Structure formats: C-alpha cells, structure tokens
Amino acid sequence: MASIGQIVSPTSGNDALSRARSRAALVPDCLVEAKRIANTVIAGWHGRRKRGIGENFWQFRPYTEGESLSRIDWRRSARDDHTYIRDHEWEAAHTIWLWADMSPSMMYKSTYGHASKEGRALVLMLALAEILARSGERIGCPGVMEPVSSRNAAERLAAALTHTPLEGGLPQTAMIRGWSDIVLIGDFLDDADSVMGRIGPLARRGLRGHVVEVADPAEEIFPYSGRTEFTDPENGSKLVAGRAENLREDYRRAYLARRENLGQSLRQLGWTFVSHRTDRLASEALVAVHMYLSGMPAKATFGGQP
C-alpha cells in the first residue's frame, strides 16, 4: 500500500547544524500561524482573571459581616435591598514556563494530519505565549529564554528559538524557582510510568503542570493494512508486518490505555492533561490549556477519541 506517513531519520553529529537551521526556518511561519490562532481565541477572553489587588473592576458581590465598610459600593447597593462589595481584579504577574518536545518522533506527519507534530507543538507554544503575554504574565522557556513580562513575548521567544533550538525529551528545570506553571507539549509515547518518573519530581517541587499530548491521527486509528514496514524514528529499528490490519485492535487498545493511564496519573498529581490530534484545529487545544491556566474546568481531551 502507499505510504501513509513520513519520518525524519535520527540526527547525527554531522547534520545536527542543518537540522537546527531547518527548525529555525520553521519558527517564523509557526509564529504567524500562532498569532492568527491566538487572535481567534482571545476574542471575548479576559486573561487569567480573578479577585485580588488591582485597579480594574472585577465584580460586585454581596457584603459579608466583618468586611471593611469602605469597600461597600453604595451606588450599586442602593438599587435593591442588598449591600454589595466592589471587587478589583488581581494583577500580579505569574510566571509560566513553556516547552515543546522536539524528539525525532515529533517529526512525523501522516496524510491524515494537517501538520507535523513538530509544527503543531511549536504553534501551540507560541500561541500560548501570545495569549498569556497579553494577559500580563511572565513567559519563559527552560534553557532558551528567561521569563519576560512583555506584550511581544511570543516574538522574543521565537527569536530565542532560532538561536537555541529546543531539544528532545523533558527540559532541565533547575533554573525554575518558586511556584510557577509549566506547560509541556509533546507526544509522550513512552509508557506512562516512564513519563511520570520524570514528571513526578517536578510536581513535588511545587510546579503546577499542564501536559498537552500532540498525536497524529494515524498513530491513533492505525489505518495500515497488508504488508507494512514500520520504522522507529528514535533508533531506526524496523518492524515488518505481513498483515498489519491484524494488529489494529491490539494496537489501539494499548495506545489508548497508555493515554488513559498517563492522564489519570497526571491528575493524581494535580496536573492537567489535554490530548490533541493534528487533524483538529489548534485553537481547540489552546482553549483547553488556557481554561486550565485560568482555573476554569475543561474537558480532559480535545481532538482525540475517548
């Protein structure tokens, strides 16, 4: 049968610079796409809003005994028989670290997906930087860019990525201090225990985490049939199946069980989990993560099959 997908061979020392330049060339296009997606999502949103110290109005709420009388809004209270407090919006900037896994498996793209996993991960990371920067948050990328509070944080992150390309696997986090959020974007194809073995220490340090699994549709639906050769993008090993369709049900069962186990383990740590397929709109995953970061409930999966 015709090839359904393509992979990039593991990078050797001789062509590592070429691969880095290719990825750097991809960043500007990803930034343009990220800004377009961010502009569609941000309409009607008001950042990571919550009550606290600030100058902007947040909401009216009923007065409770013991609160300062100076906070009562007498004009609003005069409209009915209740006494109301005028709350303001919390304006302290929060630090959010963004990371996209650039392992060789992320270079995969099938004929079923709209983009490679690599490209979609970069778009999601830059779009998040754009939205969060507009909300006044401090944006950083471990080993690539120190946290900055700037409306052009997405552009600054894109520029930093052209000079310091992202690596494969999870990032080094020794530079992260205090209570912060971290958003990890990748395919997380290792078994759940292996992934949790690396994420667990981050949670115990107080990091509040959000994991976005980016999957190609072919990885989930397993559309292969007949004699098919599979190549591991990480180590180049090959597997030839005489009748690939005979593997479909067992494969899908194992694949979805891995996802379910990972999501459940993350939620037990207090982290969030979003599953996103590259045949879906990037804005779906962006909305889900933004809701989690804003402290609002969201579905556990977007763009994947339950």
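Being a predicted model, the structure only gives us computed values, none of them experimental.
The side chain to side chain contact (heavy atoms under 4.5 Å, CB included) search around A154 returns L31, A129, E130, not counting sequence neighbours.
Between the CE atom in M125 and the CD1 atom in I139 there is a gap of 11.0 Å [rounded to 0.5 Å]. We find the CD1-CH2 distance between I182 and W271 to be 6.0 Å, quoted to the nearest 0.5 Å. Remark: S265 OG to E260 CD distance equals 9.5 Å, nearest 0.5 Å. Expressed to the nearest 0.5 Å, how far CE of M106 lies from OG of S116 amounts to 8.0 Å. The CE atom of M145 sits 8.5 Å away from the CG atom of L161 when rounded to the nearest 0.5 Å. Of the inter-residue distances, the one linking R156 atom CZ with C141 atom SG reads 13.5 Å to the nearest 0.5 angstrom.
Side-chain atoms of I176 and L207, non-hydrogen and from C-beta on, do get closer than 4.5 Å to each other. Contact of the L189 side chain with the E219 side chain is registered, since non-hydrogen atoms from C-beta on lie closer than 4.5 Å. Annotation: side chain of F273 is in contact with side chain of R267 (closest heavy-atom distance under 4.5 Å). Between T173 and R205, some side-chain heavy-atom pair lies under the 4.5 Å cut-off. Counting heavy atoms from C-beta outward, R36 and E33 have side chains that approach closer than 4.5 Å. Side chains of P233 and Y108 form no contact here, defined as non-hydrogen atoms less than 4.5 Å apart. The closest side-chain heavy-atom distance from L124 to I37 is not below 4.5 Å. At a threshold of 4.5 Å between non-hydrogen side-chain atoms, the residues D101 and L170 do not count as touching.
Scanning both residues, S150 and A133, for their nearest heavy atoms gives O-CB, 3.2 Å. When all heavy atoms are compared, the tightest approach of L184 to P171 is CD2-CD, 3.9 Å. Annotation for A115 and R120: closest pair CB-NH2, 4.2 Å, computed over non-hydrogen atoms. Here the shortest heavy-atom pairing between A121 and I185 reads CB-CG2, 3.7 Å. Here the closest heavy-atom approach between residue Y84 and residue P62 is recorded as CD2-N, 4.0 Å. The two atoms that bring R138 and P147 nearest to each other are NH2-CB, 3.7 Å, heavy atoms only.
Remark: the T278 side chain and the H114 side chain contain no N/O donor-acceptor pair separated by less than 3.5 Å. At a cut-off of 3.5 Å, with distance as the only test, no side-chain donor of R208 or T272 sits close to an acceptor on the other residue. Checked by atom type, the side-chain pair S105/E234 shows a donor-acceptor distance below 3.5 Å.
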Next on the checklist: Please determine whether salt bridge (charged side-chain N to carboxylate O under 4.0 Å, His left out) holds for the pair E118 and K109, giving the CA-CA distance in whole Å, both sets of side-chain angles, and the decisive distance to 0.1 Å.
Outcome noted: CA-CA 9 Å; E118 172 199 32; K109 179 186 180 301; over 6 Å; no
Checklist entry - Stepwise, does the side-chain contact (heavy atoms from CB on, under 4.5 Å) test hold for D181 with Y292? => result CA-CA 11 Å; D181 283 64; Y292 280 134; over 6 Å; no
Item to check | Test log, rule salt bridge (charged side-chain N to carboxylate O under 4.0 Å, His left out), inputs R75 and D73 | outcome: CA-CA 6 Å; R75 180 175 297 180; D73 190 288; over 6 Å; no
Next on the checklist: salt bridge (charged side-chain N to carboxylate O under 4.0 Å, His left out) for E213 and K117? Distances and angles first, verdict last.
Outcome noted: CA-CA 10 Å; E213 178 204 48; K117 293 189 290 182; over 6 Å; no
Taking only distance into account, with no hydrogens and no angle test, what donor-acceptor pairs under 3.5 Å do side-chain atoms of residues 191-202 form with protein atoms, sequence neighbours excluded?
from : atom 1 : to   : atom 2 : distance (Å)
D191 : OD2    : D193 : N      : 3.2
D191 : OD2    : S194 : N      : 2.9
S194 : OG     : R198 : NH1    : 3.2
R198 : NH2    : D190 : OD2    : 3.4

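Between the side chain of R258 and the backbone N or O of F188, at least one donor-acceptor pair lies under 3.5 Å. With hydrogens and angles ignored, the 3.5 Å screen pairs a side-chain donor or acceptor of E245 with a backbone N or O of G226. The backbone N or O of L132 lies less than 3.5 Å from no partner atom in the side chain of E137, so there is not a single donor-acceptor pair.
A salt bridge does not link R277 to E284: none of the charged nitrogens lies less than 4.0 Å from a carboxylate oxygen.
In the hydrophobic clustering of ILVMFWY residues, with side-chain heavy atoms under 4.5 Å counting as a link, V274 and V123 come out together. Y112 and F230 fall within the same hydrophobic cluster, defined by Ile, Leu, Val, Met, Phe, Trp and Tyr side-chain heavy atoms under 4.5 Å apart, directly or through other members. V32 and L281 are assigned to two separate hydrophobic clusters, defined by single-linkage of ILVMFWY side chains at heavy-atom distances under 4.5 Å.
The environment of CD in Q172 is sparse: at most 12 heavy-atom neighbours from other residues, nucleotides or ligands sit within 6.0 Å.
For the pair R252 and F222, the cation-pi test (distance below 6.0 Å, angle within 45°) is failed.
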